[in-house]
Enquirer: 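First, the structure itself, so that you have it in front of you.
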Number of protein chains: 2
Amino acid sequence: MMMRADAARNRELILDAACHAFADRGPDVPLEEIAAVAGVGVATLYRRFPTREDLLEAVASRHIELYEKALRKGLADPDPWRGFSGFVRAATEIQARQPGLAEVLMVPCHGPDEARSAAVFEGYLELVHRAKLDGSLREDYVPEDLPMLLMANAGVLRGTSATAPRAFKRLVEYLLQAFSCPSRRPLPAPPTPAQMHRAMNNPAD
Amino acid sequence: MMMRADAARNRELILDAACHAFADRGPDVPLEEIAAVAGVGVATLYRRFPTREDLLEAVASRHIELYEKALRKGLADPDPWRGFSGFVRAATEIQARQPGLAEVLMVPCHGPDEARSAAVFEGYLELVHRAKLDGSLREDYVPEDLPMLLMANAGVLRGTSATAPRAFKRLVEYLLQAFSCPSRRPLPAPPTPAQMHRAMNNPAD
DNA sequence: CACTAAGCGGAGGTTGCCGTCCACTTCTGC
DNA sequence: GCAGAAGTGGACGGCAACCTCCGCTTAGTG
């Protein structure tokens with residue numbers, strides 16, 4: 001069953017509005033405000049997105065394309081380290097472009113569109129694999145270090161995006177240098193994949 | 001003019017309750033809940049702490065002692081790197097112990113008790129200085145990298161404290177390894193001290 | 001012990017957001 | 001172009017937290 005044309009248009013208007021609103025007022029903006037900006041009634045918004053979660057997910061979904069593009073670029077790079085580090089930089093840039101949403105923009109690890117984000121994660125694992133074989137990524141790096149980095153980045157963005165919007169880049173470069181060989185002292189054990197997965201599913205408050 | 005004894009007692013009860021409440025329910029807990037746990041009426045709470053900010057600050061103030069202790073330990077260490085890194089580890093541990101408050105527990109950089117937190121920051125600068133002279137801390141480290149780290153840590157704690165409460169340690173070790181000599185590739189420019197200071201004064205959201 | 005000012009609690013008005021309901025409008029297939 | 005299904009908007013009741021007001025209680029003093 002096809003959606004009516006005007007309904008589809010409104011859906012897009014809402015998503016546009018939500019995108020801006022979330023980005024610069026955080027994930028708690030009143031839905032009524034989003035509806036107002038979109039130029040529709042609240043009821044319309046609620047019909048299309050019964051819960052705030054649904055709306056957040058839909059907005060996040062729009063970003064997955066950006067991650068896919070970054071991933072393709074990384075995989076295409078003949079230099080494994082450039083591929084890996086480029087992807088990490090791109091992912092954090094994507095977060096930075098929507099600072100209010102940074103916490104939910106961890107699409108490469110766990111996104112709303114299960115299939116596609118799983119695919120991105122697969123590709124990312126391949127980047128990791130190559131960079132390790134190549135010797136440029138330290139042996140004890142684990143895939144869960146990316147969500148960790150993205151969470152850390154979200155924290156920095158939260159604190160600085162208003163006053164020092166490039167500060168996050170410094171964090172990212174520090175971490176990339178730490179990720180690159182040679183590994184130095186041993187690291188504390190990483191969380192298990194299961195723990196990390198749960199962490200991404202129980203959004204903090 | 002001295003505060004009446006019962007008033008002082010209630011003040012402490014409120015702070016105790018607030019401490020727990022903030023730690024495990026985040027900085028947005030209803031003040032009424034804190035009052036209830038403390039066993040006092042809301043009015044009492046509002047009289048002592050007119051705004052939520054005041055209460056958060058008072059709670060944060062209690063922690064400054066922990067930072068002072070960590071700092072003393074760091075300064076007493078004959079090995080400059082152990083002193084510096086030990087302090088960083090301790091500071092992040094303090095944040096981790098109150099995950100809901102991590103965002104406001106950046107006392108070494110900017111705390112509610114101006115004089116004391118300035119003193120802690122001074123001491124921290126000394127740690128930085130020594131470790132750089134010693135050659136164990138990279139030359140291009142800047143003092144603002146600590147608030148950056150603390151914000152990053154807050155982000156990781158936010159995401160993982162419920163499911164993987166030790167995950168933050170891995171971030172910290174990665175960063176400490178990045179901070180330690182030899183420095184590798186150059187880093188992006190850090191935010192200016194003024195920017196960072198503003199960032200810590202405009203609490204996100 | 002008695003007086004008083006400091007302190008107390010909780011009732012209740014206020015606000016802001018949620019999410020639903022329903023009378024009205026607009027698409028779309030025939 | 002018409003029928004009716006699909007879609008719409010905004011009014012509305014509910015709720016949760018805020019914060020103030022005021023009559024009562026109690027610590028501290030002489």
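From a predicted model like this one, the values you see are computed outputs, not experimental measurements. Reminder, nothing fancy here: chain letters follow the sequence lines and each chain counts from 1.
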Enquirer: Does D:dG7 have its OP1 or OP2 closer than 4.0 Å to a side-chain nitrogen or oxygen of A:N10?
Expert: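 So the side-chain polar atoms of A:N10 never come under 4.0 Å of the phosphate oxygens OP1 or OP2 of D:dG7.
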Enquirer: Could you check which of D:dC18, C:dC18, D:dG7 has an atom nearest any side-chain atom of A:Y46?
Expert: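 Of all the options, the side chain of A:Y46 is nearest to C:dC18.
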Enquirer: With a 4.0 Å cut-off on heavy atoms, is B:A5 in touch with a base, just the backbone sugar-phosphate, or nothing at all?
Expert: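 Sugar-phosphate contact only - B:A5 comes under 4.0 Å of backbone atoms but never of a base.
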Enquirer: On DNA chain D, compare the nucleotides closest to A:A43 and B:T51; which residue's is nearer the 5' end?
Expert: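 With A:A43 and B:T51 compared, the 5'-side residue is A:A43.
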Enquirer: Rounded to whole angstrom units, what separation is found between the CZ atom of B:R47 and the C1' atom of C:dG9?
Expert: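 Taking CZ of B:R47 and C1' of C:dG9, I get 9 Å after rounding.
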Enquirer: Tell me which residues in residues 29-41 of chain A lie within less than 4.0 Å of DNA chain C, going by non-hydrogen atoms.
Expert: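 Heavy-atom cutoff 4.0 Å gives A:P30, A:L31, A:E32.
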Enquirer: Please determine whether a side-chain nitrogen or oxygen atom of B:R11 lies at a distance below 4.0 Å from atom OP1 or OP2 of C:dG7.
Expert: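 No, because none of the side-chain N or O atoms of B:R11 sits under 4.0 Å from OP1 or OP2 of C:dG7.
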Enquirer: Counting only heavy atoms not in A:E33 (residues, nucleotides, ligands), do more than 12 fall under 6.0 Å from its CD?
Expert: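 Yes - once you tally the heavy atoms of other residues, nucleotides and ligands closer than 6.0 Å, there are more than 12.
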Enquirer: Without swapping roles, check the side chain of A:D16 against the backbone of A:L13 for a donor-acceptor pair under 3.5 Å.
Expert: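 No, the answer is negative, given that no donor and acceptor are paired below the 3.5 Å cut-off.
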Enquirer: Can you tell me the distance, in whole Å, between the CG atom of B:L45 and the C1' atom of C:dG7?
Expert: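 Rounding to the nearest Å, CG of B:L45 and C1' of C:dG7 are 14 Å apart.
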Enquirer: Is there a side-chain contact between B:T44 and the phosphate of C:dG9, meaning an N or O under 4.0 Å from OP1 or OP2?
Expert: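 Yes.
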Enquirer: Using the ring centroid of each side chain, check whether A:Y124 and A:F121 are separated by less than 6.0 Å.
Expert: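 Yes, ring centres under 6.0 Å apart.
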Enquirer: Flag the pair B:E65 / B:K69 as yes when at least one side-chain heavy-atom distance between them is below 4.5 Å, and no otherwise.
Expert: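 When only atoms from C-beta onward are counted, B:K69 and B:E65 do not touch, as no gap falls below 4.5 Å.
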Enquirer: In whole Å, I'd like the distance from the CE atom of B:M2 to the P atom of C:dG7.
Expert: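 Interatomic distance, CE of B:M2 to P of C:dG7: 11 Å.
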Enquirer: Below 4.0 angstrom, N of the basic side chain to O of the carboxylate: do B:E144 and A:R170 qualify?
Expert: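 Salt bridge between B:E144 and A:R170, a charged N being under 4.0 Å from a carboxylate O: no.
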Enquirer: Between B:R62 and B:E12, is there a side-chain N and carboxylate O pair less than 4.0 Å apart?
Expert: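 Here B:R62 pairs with B:E12 in a salt bridge, since their nearest N and O are under 4.0 Å apart.
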Enquirer: Where the side chain of A:R52 is defined as all heavy atoms beyond and including C-beta, which of C:dG7, D:dG10, C:dC17 is the nearest nucleotide?
Expert: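 Out of C:dG7, D:dG10, C:dC17, the nucleotide with an atom closest to A:R52's side chain is C:dC17.
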Enquirer: Just how far, in rounded Å, is P of D:dA27 from CG of B:D6?
Expert: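 The answer, rounded to whole Å, is 6 Å.
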Enquirer: Got a sec, which pairs hit ring-ring contact (aromatic ring centres under 6.0 Å, His included) with one end in residues 145-179 of chain B, sequence neighbours left out?
Expert: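 Listed by first then second residue: A:Y174-B:F179, A:F179-B:Y174, B:Y141-B:F179.
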Enquirer: Measure CD/B:E53 against P/D:dC19 and give the value in whole Å, please.
Expert: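 Distance, rounded to whole Å: 12 Å.
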Enquirer: Base, sugar-phosphate or nothing for A:R9? Non-hydrogen atoms, less than 4.0 Å.
Expert: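 Answer is nothing: A:R9 stays at 4.0 Å or more from every strand.
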Enquirer: Atom CZ of B:R25 and atom P of D:dA16: how far apart are they, to the nearest Å?
Expert: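 So the CZ-P distance, B:R25 to D:dA16, works out to 13 Å.
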Enquirer: C:dT28 base to A:R4 side chain: any donor-acceptor pair below 3.5 Å?
Expert: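 No, no donor-acceptor pair under 3.5 Å.
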Enquirer: In whole angstroms, how far is the P atom of C:dT28 from the CE atom of A:M3?
Expert: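 So the CE-P distance, A:M3 to C:dT28, works out to 12 Å.
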